[in-house]
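Working notes, beginning with the structure itself.
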Amino acid sequence: MIHRQEIANVLKSPTVGEEVTVMGWVRAWRGNRFMVLNDGSGAETLQVVVNGEDFDEETIRAIGFHACVGVTGELIESQGAGQAVEVVAKEIIIYGATDLSTYPLQAKSQTMEFLRENAQFRMRTNTFSAVFRLRHALAFATNKYYNDRNFYYLHTPIITGNDAEGAGEMFRVTALDPASPPKDEDGNVDYSQDFFGKSTHLTVSGQLQAEIGALAMGKVYTFGPTFRAENSHTTRHLSEFWMIEPEIAFADIDNNQDLAEDFLKYLINHCLDNYRADLEFLDERIKQSEKNMKAELRRPMGLLEMLEFTVKDDFARITYTEAIRLIQGSKPYKKKKFEFPVEWGTDLQAEHERWLVEKHFKKPVIVRDYPKGFKAFYMRLNDDNETVAAMDILFPYIGEMVGGAQREEREDVLRARMKEMDVHADELAWYLQLRTFGGCPHAGFGLGFERMVMFVTGMGNIRDVIPFPRAPKSADF
RNA sequence: GCCUCAGUAGCUCAGUUGGUUAGAGCGGCGGACUGUUAAUCCGUAGGUCAAAGGUUCGAGCCCUUUCUGAGGCGCCA
């Protein structure tokens with residue numbers, strides 16, 4: 001039986017004079033005397049004073065960067081500046097020494113790219129342990145938020161038989177031999193002989209199945225991995241990412257907006273209330289990295305300041321039509337600085353969204369009622385017959401954080417839209433039946449979980465907020 | 001999928017119009033050091049210049065192809 005105290009608990013209510021046993025990884029080893037220990041229980045470290053005459057040389061030599069050690073000793077008031085208390089080591093156990101001549105990491109700041117390639121060790125750094133504690137915090141807060149509001153957590157399938165969920169390229173799932181798959185008369189691969197007796201893929205969204213849940217249990221949410229085989233090379237896309245998709249019955253687009261805004265603020269508040277030290281560390285990290293940058297490239301607000309500001313103020317709410325009008329009246333539009341055209345009927349490009357969020361409103365913006373031409377078939381047609389009850393929530397630095405809509409509950413309208421957009425009704429017969437039998441107005445949205453982790457941690461690349469990122473040409477670990 | 005930039009020591013980078021034996025800081029290793037906070041000081045070893053091909057008397061540098069990474073755009077969350 002191993003007994004140890006977690007460093008976060010020791011530091012929360014330190015009792016000077018008490019004997020403590022702590023275990024963790026060495027973050028720094030200074031002057032052959034001071035060992036800085038972190039065990040992951042929080043952002044804080046505990047300094048251990050090692051008096052050379054009390055230990056044999058072998059033990060002293062084994063202490064080094066990222067070595068794993070256990071220490072028993074007396075907690076005393078620190079004699080140096082920089083920490084309130086420290087431990088004078090009485091006993092040291094070396095659990096795992098680190099051969100520094102071959103260990104990839106170093107006790108200095110390293111690039112995100114290098115750490116990404118060494119993901120087996122990157123969680124030992126201050127930055128990544130903070131990021132992944134906050135990732136946990138956001139996942140926990142998500143489940144708590146919905147549980148406390150009588151939503152049910154619905155596990156939608158990861159392997160799907162729906163060919164068209166309308167959200168991008170899909171990864172095929174097959175048990176057929178890729179070298180010699182069975183063929184039909186026309187020479188095409190015969191998926192009726194495949195494992196499931198049909199063509200199957202990894203899910204791109206749990207929304208359609210979540211609608212089944214909402215139209216029986218009232219309020220449900222999904223929270224699971226989703227997959228997109230898009231060849232995207234950006235800092236905001238992954239091939240495998242996690243999505244939170246609440247779906248609620250007896251709700252329209254206004255209920256949907258309120259839920260999304262309240263939920264996002266709840267998530268941020270949970271982190272501000274419970275993970276202050278990690279946020280302060282990340283805030284400081286960003287400030288340090290921006291020190292040598294030109295003023296206009298720096299963030300206008302620090303991380304903590306921005307999170308607190310986001311929670312305090314209402315999100316801006318506008319329609320697509322208003323957004324177009326605002327952009328057409330903007331300075332960059334008049335000076336022809338935008339690369340893409342802005343006129344009613346075209347989708348908002350990243351440059352336009354950035355102007356709205358970062359320059360005009362300077363806070364999150366909810367845009368609703370988009371033209372039906374470039375939105376999905378299941379979004380509810382508005383009375384103007386031109387727009388649909390879709391909503392996107394745009395965040396500074398992130399872009400689209402949330403995409404959602406009131407769903408089309410009128411079967412005839414839905415059938416017409418599917419026909420218009422070339423979605424085969426026979427493949428989604430079960431989805432149409434939700435309208436034929438006991439349907440009602442309902443709405444929901446999808447939140448890209450990693451984008452939320454990016455916003456809260458201030459990390460600039462989505463690959464650095466998921467432990468083991470999957471992206472084109474990249475599936476290590 | 002499109003565009004731009006990059007790949008030189010373990011890491012981060014410098015390397016002039018193509019010219020002798022490719023450099024620095026950090027890290028490593030060896031040593032010193034009993035109050036450090038990115039500890040400090042002294043010493044020292046590290047290189048198939050991404051890969052292949054080409055131009056040239058001569059290529060880290062020029063050309064071609066491939067691979068890898070970063071960033072931007074599109075697609076989206």
Side-chain angles (χ1 to χ4, degrees), chain A residues 27-36 45 47-54 60-61 64-66 76 78-83 86 88 98-118 126 165-170 204-207 222-223 225-245 260 288 338-340 347-354 374-376 390-395 398-404 445-455 460-466 471-474 476:
Chain A
R27 287 284 165 85
W29 175 229
R30 292 188 287 257
N32 233 17
R33 185 169 163 81
F34 301 100
M35 173 163 67
V36 178
T45 53
Q47 174 160 287
V48 177
V49 183
V50 182
N51 291 311
E53 64 270 21
D54 296 342
I60 298 286
R61 291 186 79 89
F65 183 61
H66 283 186
I76 63 164
S78 180
Q79 294 171 41
Q83 57 281 317
E86 61 194 13
V88 182
T98 298
D99 179 359
L100 294 176
S101 62
T102 50
Y103 186 56
L105 303 199
Q106 298 171 18
K108 66 164 188 172
S109 76
Q110 299 186 108
T111 61
M112 291 295 116
E113 295 80 47
F114 179 74
L115 291 169
R116 211 174 292 149
E117 285 166 16
N118 292 278
N126 292 328
E165 288 175 342
E169 291 295 309
M170 304 175 90
V204 293
S205 163
Q207 180 208 312
T222 76
F223 183 10
T226 47
F227 308 86
R228 305 272 168 93
E230 303 282 357
N231 194 14
S232 297
H233 292 100
T234 79
T235 53
R236 332 176 272 290
H237 291 86
L238 288 166
S239 309
E240 177 182 294
F241 64 101
W242 287 62
M243 191 149 61
I244 299 161
E245 294 174 290
Q288 287 298 325
F338 287 130
E339 187 187 344
F340 291 90
D347 203 355
L348 299 179
Q349 301 297 321
E351 57 181 357
H352 311 136
E353 295 179 348
R354 260 204 307 277
F374 54 81
K375 286 291 182 183
M391 59 171 227
D392 283 355
I393 303 187
L394 312 175
F395 262 60
I398 307 290
E400 189 176 346
M401 178 76 83
V402 163
F445 61 84
L447 167 74
F449 185 60
E450 281 75 17
R451 291 189 180 172
M452 192 59 191
V453 183
M454 284 177 82
F455 182 72
N461 190 316
I462 201 166
R463 298 178 190 204
D464 297 326
V465 299
I466 187 168
K473 297 280 184 304
S474 173
D476 294 330

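Labels below follow one simple rule: chain letters A, B, ... track the order of the sequence lines, proteins then strands, and each chain is numbered from 1. The shown structure was predicted, so the numbers you read here are calculated from the model rather than taken from an experiment.
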task = Taking only the side-chain nitrogens and oxygens of A:Arg236, find out if one of them lies under 4.0 Å from OP1 or OP2 of B:C73.
result =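 Yes, such a contact exists.
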Is [X] touching bases, backbone alone, or none of the nucleic acid, heavy atoms closer than 4.0 Å?
X: A:Glu117; result: nothing
X: A:Glu86; result: base
X: A:Ala107; result: nothing

Sort out the partner of [N] for me: Watson-Crick or G-U wobble, both distances under 3.5 Å, none otherwise.
N: B:U4; result: B:A70
N: B:U64; result: B:A52
N: B:G46; result: none
N: B:C13; result: B:G23
N: B:G35; result: none

message = I'd like to know whether A:Phe340 forms a ring-ring contact (aromatic ring centres under 6.0 Å, His included) with A:His352, so could you lay out the CA-CA distance, the side-chain angles of the two residues, the decisive distance to 0.1 Å, and finally the verdict.
response = CA-CA 9 Å; A:Phe340 291 90; A:His352 311 136; 7.0 Å; no
Side chain of A:Phe34 (C-beta onward), nearest among B:C75, B:U36, B:C73 =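 Between B:C75, B:U36, B:C73, the one nearest the side chain of A:Phe34 would be B:U36.
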inquiry  = Given B:U34, B:C26, B:U36, identify the nucleotide with an atom nearest to the side chain of A:Gln47.
reply    =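 So the nucleotide nearest the side chain must be B:U36.
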ask   = Is B:G46 in the syn or the anti form, by the rule that syn lies within 90° of 0?
value =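 Judged by the O4'-C1' to base torsion, B:G46 sits in syn, the angle falling within 90° of 0.
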